[in-house]
Amino acid sequence: MKAEIICIGTELLLGQTADTNATYLARELAELGIDLYHKVTVGDNLQRVIAILQTAWARADLLILSGGLGPTQDDLTREAVAGLLGETLEFQAEAWQEIEAYFRKLQRPIVTSNRRQAMFPPSGRLIPNPMGTAPGLLVEKEAHCLVALPGVPRELMAMWEQEVRPYLKGYPAQEDGAVLTSKTIRVVEIGESAMEEKVIDLIQNQTNPTIAPYAGQGEACLRLTAKSGSEAENLKLLDALRSTVEARLGQYIYGYDSDNLETVIGRLLKDKGWRLAVAESCTGGLITHRITNVPGSSAYYLGGINSYSNQFKMKLLGVSEATLAAYGAVSNETAKAMAEGVRRISGAEVGLATTGIAGPGGAVPGKPVGLVYLAIALPGFTQVESRVFSYNRIGNKEAAAQLGLTLLWQGLKKSNLGN
Ligand code: ATP
Ligand code: MG
């Protein structure tokens, strides 16, 4: 099966919106083992969209469309699909009921222009949208499959996960009927190239499963993909290679597949019955944000203090004026006092603190932009790490948050061994 991704929206051509949907969809197709030969972007112009769809229909079996399903006049994906199929749009009562139900749930009045979203080509089926008003569209015709999803990334992703991916799993991606299964191994502390070096022979001699390294945000990943007649056989093949990789990279592996640092940290804290409190300066709440992105985090997360100023560091965390005067707000000593302070004041077993210079200004002699200190205070020990990042302000904040969480993960693991 050959796929093509078609992103529709003039804002994409103008560079106003980064095309994250295409990236997401491409990754998902690779995961499913579906070959992707072309990704196309086209503006909100009916004739041009139809032309692109015709080209794609001629060279691909599976067309995935993003955007242009909204209620306004420039949302013309439905018309374009009808044009491609040589069909006329019809009002679909079932779709209209879904849209009405969505508005009722939000307690918002429905607008007549929303009726446009209930217009479907007769050979199309509705894909429910749990997060918005625009239903998706699925067409199966002439050995082709076309899936149209709304442009809003969280709607597109939810519909993909809940409806489209399970549906495509039923399709044989490979001509020989083989099944593909992947496993992602996630590592922190070492970069992509250092990780690759440790498994380079496995990469060079790969057969089945295949093994592919790639860089993530503040982490590196290895994707193992097995191919055989059945999922069960694939899992056996993956388990064997995974053990080999774990023997090489064990200490750096924090999780698998959809894990991230905050979910793994959550599991470790829950297992121990420990609670976490955070004191953030340069990360401005990013760590709190990530920790609380995990459902159920209230079981172990007490809260965070966004202690940006020296006053807050002193009054709310008990950092002494003498420490701040002698070493400065961005220092090993202040980071330590912040982590221990938030731990003491909150009564949590674990304190985590960040302080640094996000930039672009604020450098002083001996303290460059991008310098950060991360501290963890656990029962029995406090640890401080520092690093100099060279990104822009946002990049430095994100990298500091990632390193803070990495340090926390390591600390929790270490105290596991001690217990
Ligand atoms: P809705 O009516 O639900 O908004 P839609 O299908 O009409 O959905 P668009 O109007 O094309 O979608 O886009 C909605 C939003 O999604 C816009 O903010 C747009 O910038 C964003 N968006 C559209 N396409 C993409 C894309 N390929 N990647 C990331 N964001 C996108
Ligand atoms: Mg649009």
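Bear in mind the structure is a predicted one, so any value in this text is a computation, not a measurement. Just follow the structure's listing: the first ligand is 1, and inside any ligand the first atom is 1.
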Please check whether [X] reaches ligand 1 - meaning an N/O of the residue sits under 3.5 Å from an N/O of the ligand, judged on distance alone.
| X | value |
| --- | --- |
| Pro71 | no |
| Gly70 | yes |
| Gly68 | yes |

Would you indicate whether [X], at its atom [atom1], is surrounded by more than 12 heavy atoms from other residues, nucleotides or ligands within a distance under 6.0 Å?
| X | atom1 | result |
| --- | --- | --- |
| Glu161 | CD | yes |
| Arg154 | CZ | no |
| Lys336 | NZ | no |
| Phe312 | CZ | no |

Does the side chain of Leu224 reach to within under 4.5 Å of the side chain of Ser182, using non-hydrogen atoms? no
What do you reckon, does Ser66 put a non-hydrogen atom under 4.0 Å from ligand 1? yes
For residues [X] and [Y], report the shortest heavy-atom separation together with the two atoms involved.
| X | Y | answer |
| --- | --- | --- |
| Pro121 | Glu87 | CB-OE1, 3.3 Å |
| Gly296 | Lys270 | O-CE, 4.5 Å |
| Thr72 | Arg116 | O-NH2, 3.1 Å |

With a 4.0 Å heavy-atom cut-off (strictly under), which part of [X] contacts ligand 1: side chain, backbone, both or neither?
| X | answer |
| --- | --- |
| Pro153 | side chain |
| Glu155 | side chain |
| Pro150 | both |
| Thr17 | side chain |
| Asp75 | side chain |
| Leu12 | side chain |

Numbered atoms of ligand 1 (with element) below 4.0 Å of [X], judged on heavy atoms:
| X | value |
| --- | --- |
| Cys7 | 27 (N) |
| Leu69 | 5 (P), 6 (O), 7 (O) |
| Ala18 | 28 (N), 29 (C) |
| Glu11 | 11 (O), 13 (O), 19 (C), 20 (O), 23 (C) |
| Asp19 | 26 (C), 27 (N), 28 (N) |
| Thr20 | 28 (N), 29 (C) |

Arg248/Asp201 ion pair, N-O < 4.0 Å: yes
Single hit among Asn21, Leu29, Leu146, Leu36 for side-chain contact (heavy atoms from CB on, under 4.5 Å) with Ile64: Leu29
